[in-house]
Asks: 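Below: one structure in structure tokens.
Index from 1, following the sequence.
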Amino acid sequence: FLSREFGRQGPTPDDGQESALDAYLARVEVVNARFGERSGQTAVEPWRTDRGRIYMQKGAPSQQFSKPRPQAGSAYELWSYSGRQPYVYLFIDETRMGHFRLVYSNDPNEKTLANWDSKVGNEAREDMARVGHSPRIDAGSGSGN
């Protein structure tokens with residue numbers, strides 16, 4: 001993968017210039033430090049978690065809201081990316097064990113759960129509005145776009 005993506009390019013020395021490989025390796029470090037999950041005796045590799053996978057693809061979100069104890073619904077994280085194609089990703093922790101699952105996104109490459117809105121409270125919807133995104137609630141379609 002590395003040779004296919006980055007060719008013979010290696011990490012750059014401390015010259016103030018960040019190569020694509022440097023950025024990738026920095027993301028790997030963040031993902032490994034923040035997004036590992038355990039399920040009993042089994043560890044899930046951080047890059048295989050929904051948050052880790054999105055972070056590897058997109059980098060750090062432009063805006064992030066984290067509610068470990070919302071008034072209603074499950075704990076959640078909302079990530080927003082600005083740019084030519086602004087995307088939002090809503091992760092919830094239904095287990096209350098730190099296993100965040102992607103339940104909603106307006107990214108056409110990601111799947112939205114049909115009943116995602118029933119799993120979150122008004123705080124998550126308000127945070128979505130704060131980042132300029134008001135999803136259409138359509139529980140039967142499987143799409144919140």
Side-chain angles (χ1 to χ4, degrees), residues 1-12 18-145:
F1 166 78
L2 291 177
S3 63
R4 185 178 69 242
E5 276 300 305
F6 304 108
R8 294 188 178 271
Q9 176 189 48
T12 56
E18 182 179 66
S19 71
L21 181 57
D22 291 326
Y24 173 80
L25 294 174
R27 287 181 188 179
V28 169
E29 285 184 31
V30 170
V31 166
N32 284 337
R34 294 181 51 200
F35 303 122
E37 296 178 357
R38 294 200 66 74
S39 180
Q41 297 290 328
T42 307
V44 178
E45 290 116 339
W47 62 272
R48 288 187 181 266
T49 67
D50 285 345
R51 292 181 302 166
R53 181 176 53 78
I54 297 299
Y55 196 98
M56 288 300 300
Q57 293 172 0
K58 306 281 186 191
S62 305
Q63 289 185 294
Q64 180 177 346
F65 294 91
S66 181
K67 295 286 170 106
R69 292 185 188 92
Q71 291 177 348
S74 298
Y76 69 90
E77 284 190 16
L78 175 67
W79 295 4
S80 170
Y81 292 86
S82 57
R84 199 176 84 226
Q85 283 291 84
Y87 292 125
V88 297
Y89 302 88
L90 179 63
F91 308 91
I92 65 168
D93 178 13
E94 291 179 290
T95 66
R96 298 185 178 157
M97 305 273 301
H99 301 281
F100 285 84
R101 176 179 166 197
L102 180 64
V103 295
Y104 173 84
S105 180
N106 64 333
D107 182 337
N109 296 315
E110 298 296 333
K111 198 170 200 159
T112 291
L113 291 182
N115 61 343
W116 71 271
D117 57 309
S118 68
K119 298 177 181 294
V120 299
N122 284 335
E123 288 174 277
R125 289 183 204 89
E126 289 168 4
D127 284 342
M128 290 176 122
R130 282 188 188 101
V131 300
H133 185 73
S134 297
R136 186 182 84 236
I137 308 296
D138 185 0
S141 73
S143 172
N145 301 331

Asks: Can you tell me if Gln71 uses its side chain to pair, donor with acceptor, with the backbone of Glu123 under 3.5 Å?
Replies: no

Asks: For Asp93 and Gly98, indicate whether the former's side chain and the latter's backbone hold a donor-acceptor pair under 3.5 Å.
Replies: yes

Asks: Using only atom types and a distance under 3.5 Å, with no angle test, would you say the side chain of Asp50 pairs donor to acceptor with the backbone of Arg101?
Replies: no

Asks: Any side-chain heavy atom of Tyr104 within less than 4.5 Å of one from Leu78?
Replies: no

Asks: Using the rule side-chain contact (heavy atoms from CB on, under 4.5 Å), only one of Lys67, Lys119, His99 pairs with Ile92; which is it?
Replies: Lys119

Asks: Please check this pair: side chain of Glu37 against backbone of Phe100, looking for a donor-acceptor N/O pair closer than 3.5 Å.
Replies: yes

Asks: Hey, does Asp117 have a side-chain heavy atom less than 4.5 Å from the side chain of Arg125?
Replies: yes

Asks: So, does Thr112 use its side chain to make a donor-acceptor pair with the main chain of Ser105 at under 3.5 Å?
Replies: yes

Asks: Got a second to check how far Met128's CE is from Asn122's CG, nearest 0.5 Å?
Replies: 12.5 Å

Asks: Indicate yes or no: at least one non-hydrogen side-chain atom of His133 is less than 4.5 angstrom from one of Ser80.
Replies: no

Asks: For the CZ atom of Arg27 and the NZ atom of Lys58, what is their distance to the nearest 0.5 Å?
Replies: 9.5 Å

Asks: Decide if the gap between the ring center of Tyr76 and the ring center of Phe65 is smaller than 6.0 angstrom.
Replies: no

Asks: Mind checking the CD-CG spacing from Gln85 to Asn106? Nearest 0.5 Å is all I need.
Replies: 8.5 Å

Asks: Rounded to the nearest 0.5 Å, what's the gap from CG on Leu90 to CH2 on Trp79? Could you check?
Replies: 11.5 Å

Asks: Got Phe91 and Ser74 here, is their nearest side-chain heavy-atom distance under 4.5 Å?
Replies: no

Asks: So which heavy atom on Ala75 is nearest to which on Pro68, and how close?
Replies: CB-O, 3.3 Å

Asks: Is the count of non-hydrogen atoms from other residues, nucleotides or ligands lying under 6.0 Å from Glu126 atom CD greater than 12?
Replies: yes

Asks: Is the closest side-chain heavy-atom distance between Trp116 and Pro135 below 4.5 Å?
Replies: yes

Asks: Taking 4.0 angstrom as the limit, do Arg53 and Glu110 come out as a salt bridge?
Replies: yes

Asks: Heavy atoms, side chains only, cut-off 4.5 Å: are Asp107 and Tyr81 in contact?
Replies: no

Asks: For Phe35 and Tyr55, take the angle between the two ring planes, folded into 0 to 90°, and tell me which bin it lands in: parallel under 30, tilted 30 to 60, perpendicular over 60.
Replies: tilted

